[in-house]
Amino acid sequence: MATPPTKFCGICEQEHMNEPADVWCPECDEAYCTNCKNTMGFSKLSKHHKTIKIEDYFQLPSFLLSTKQQCHDHSSPFELYCKTHNAPCCIFCMKDTHKECLQFEPLKEIVKDIKHSSRFSILEQLLENVMSDIDFLIELTSKNLSIVDSKTNECLEK
């Protein structure tokens, strides 16, 4: 059985310690051990962040893991959504890339009720259907492999 992947606490790593992470904070884009997670709860900036178990983090699809919460040009968090470009942007992008754009909305406002939107429900149902189809195909392929193995053995015996 393969060993589960390990992610180390970001704060402890800065202190040159390899403490395994217990949770992942999507807003900080950082993994934390139990001690550092508890400490994080005292900070005004991060006390309302929602974390997920590190095991759940490793179950996320790769495209989701590669989605960054910070601007790759300015290393600043995305705070606004440009309706002209249909893209998130940081405050520095607003001055540079989006200086001609007029329609911005706070990103937090756009995503705050996303889980309760009808589009999210539809997407969730579609994903469930795809997973069901995949499970069916796996089962069918497994049966077909068994039949092929059986026929191969019959042919070898003859």
Side-chain angles (χ1 to χ4, degrees), residues 1-139 141:
M1 183 179 205
T3 55
T6 303
K7 192 132 186 99
F8 294 105
C9 174
I11 294 174
C12 291
E13 276 188 319
Q14 289 179 13
E15 298 294 320
H16 307 289
M17 299 184 301
N18 288 333
E19 189 66 35
D22 298 310
V23 295
W24 175 261
C25 178
E27 292 183 62
C28 296
D29 198 23
E30 192 75 74
Y32 297 108
C33 66
T34 303
N35 288 338
C36 292
K37 196 268 188 214
N38 292 338
T39 305
M40 186 182 103
F42 294 115
S43 169
K44 285 183 182 181
L45 296 174
S46 59
K47 70 179 176 182
H48 296 295
H49 289 188
K50 303 278 189 256
T51 59
I52 62 170
K53 293 178 187 173
I54 203 70
E55 297 85 22
D56 295 340
Y57 167 80
F58 286 117
Q59 298 298 317
L60 294 172
S62 60
F63 76 89
L64 210 53
L65 296 177
S66 64
T67 303
K68 295 298 175 193
Q69 306 245 348
Q70 292 188 338
C71 173
H72 64 280
D73 293 331
H74 303 106
S75 298
S76 183
F78 290 127
E79 294 181 29
L80 300 167
Y81 184 78
C82 174
K83 289 187 173 187
T84 306
H85 293 100
N86 290 327
C89 60
C90 72
I91 56 172
F92 300 107
C93 285
M94 189 175 144
K95 293 190 307 187
D96 298 341
T97 315
H98 300 272
K99 59 183 161 193
E100 303 296 323
C101 302
L102 300 173
Q103 293 184 312
F104 292 97
E105 201 167 324
L107 199 55
K108 284 189 177 192
E109 284 298 310
I110 291 174
V111 299
K112 75 176 180 182
D113 292 324
I114 194 87
K115 286 187 178 181
H116 303 293
S117 73
S118 61
R119 284 186 173 176
F120 186 81
S121 297
I122 292 168
L123 180 61
E124 203 170 33
Q125 184 60 50
L126 286 171
L127 287 173
E128 286 177 16
N129 292 345
V130 167
M131 288 304 296
S132 176
D133 290 347
I134 289 172
D135 288 342
F136 173 75
L137 289 171
I138 289 171
E139 184 179 323
T141 302

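The residues of the chain are indexed from 1 along the displayed sequence. In this text, all values refer to a predicted model and were calculated from it rather than measured experimentally.
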Residues two or more places apart in sequence or in another chain: which of them pass side chain to side chain donor-acceptor pair (under 3.5 Å) with [X]?
{"X": "Glu105", "value": "Lys83"}
{"X": "Asp96", "value": "His74"}
{"X": "Thr34", "value": "Asp22"}

Self-check item: salt bridge (charged side-chain N to carboxylate O under 4.0 Å, His left out): pairs with one or both residues in residues 50-61, sequence neighbours excluded
Solution: none
Quiz prompt | Sequence-distant partners of Glu79, side chain to side chain contact (heavy atoms under 4.5 Å, CB included), two or more places apart | solution = Pro77, Ile91
Quiz item: For Thr97, which residues count as a side chain to side chain contact (heavy atoms under 4.5 Å, CB included) partner, sequence neighbours excluded?
Solution: none
Pairwise distance [atom1]([X]) to [atom2]([Y]) - rounded to 0.5 angstrom:
{"X": "Cys36", "Y": "Met17", "atom1": "SG", "atom2": "CE", "value": "6.5 Å"}
{"X": "Cys9", "Y": "Tyr32", "atom1": "SG", "atom2": "OH", "value": "7.5 Å"}
{"X": "Asn35", "Y": "Cys33", "atom1": "CG", "atom2": "SG", "value": "5.0 Å"}
{"X": "Ile11", "Y": "Thr39", "atom1": "CD1", "atom2": "OG1", "value": "7.0 Å"}

Exercise. Considering non-hydrogen atoms only, spot the tightest contact between Leu107 and Pro88 and give its length.
Key: CD2-CB, 4.1 Å
Exercise. Work out which heavy atom in Ala31 is nearest to a heavy atom in Ile54; give both atom names and the distance.
Key: CB-CD1, 4.3 Å
Quiz item: Going by the side chain to side chain donor-acceptor pair (under 3.5 Å) test, which pairs reach into residues 84-93, not counting sequence neighbours?
Solution: His85-His98
Quiz item: Near Leu102 CG, under 6.0 Å, is it more than 12 heavy atoms from other residues, nucleotides or ligands?
Solution: no
Quiz item: So does Phe58 have more than 12 non-hydrogen atoms from other groups sitting under 6.0 Å from CZ?
Solution: yes
Practice problem: List for me each residue that meets ring-ring contact (aromatic ring centres under 6.0 Å, His included) alongside Tyr57, sequence neighbours excluded, and say none if there are none. | Solution: Trp24
Practice problem: For His49, enumerate each residue passing the ring-ring contact (aromatic ring centres under 6.0 Å, His included) test, keeping only those at least two apart in sequence or located in another chain. | Solution: none
Give every donor-acceptor pair under 3.5 Å between a side-chain atom in residues 128-135 and any protein atom, sequence neighbours left out.
unit_1, atom_1, unit_2, atom_2, d
Asn129, OD1, Gln125, NE2, 3.1

Exercise. Show your reasoning for whether side-chain contact (heavy atoms from CB on, under 4.5 Å) applies to Leu80 and Met94.
Key: CA-CA 8 Å; Leu80 300 167; Met94 189 175 144; 3.2 Å; yes
Practice problem: In sequence, state the C-alpha distance, the side-chain angles, and the governing distance for Phe78 and Cys93, and then conclude on side-chain contact (heavy atoms from CB on, under 4.5 Å). | Solution: CA-CA 9 Å; Phe78 290 127; Cys93 285; 5.7 Å; no
Quiz item: Hey, mind stepping through Ile52 and Leu60 against side-chain contact (heavy atoms from CB on, under 4.5 Å) and telling me if it holds?
Solution: CA-CA 11 Å; Ile52 62 170; Leu60 294 172; 4.1 Å; yes
Practice problem: Could you pull out all residues at least two apart from Glu109 that satisfy salt bridge (charged side-chain N to carboxylate O under 4.0 Å, His left out)? | Solution: Lys112
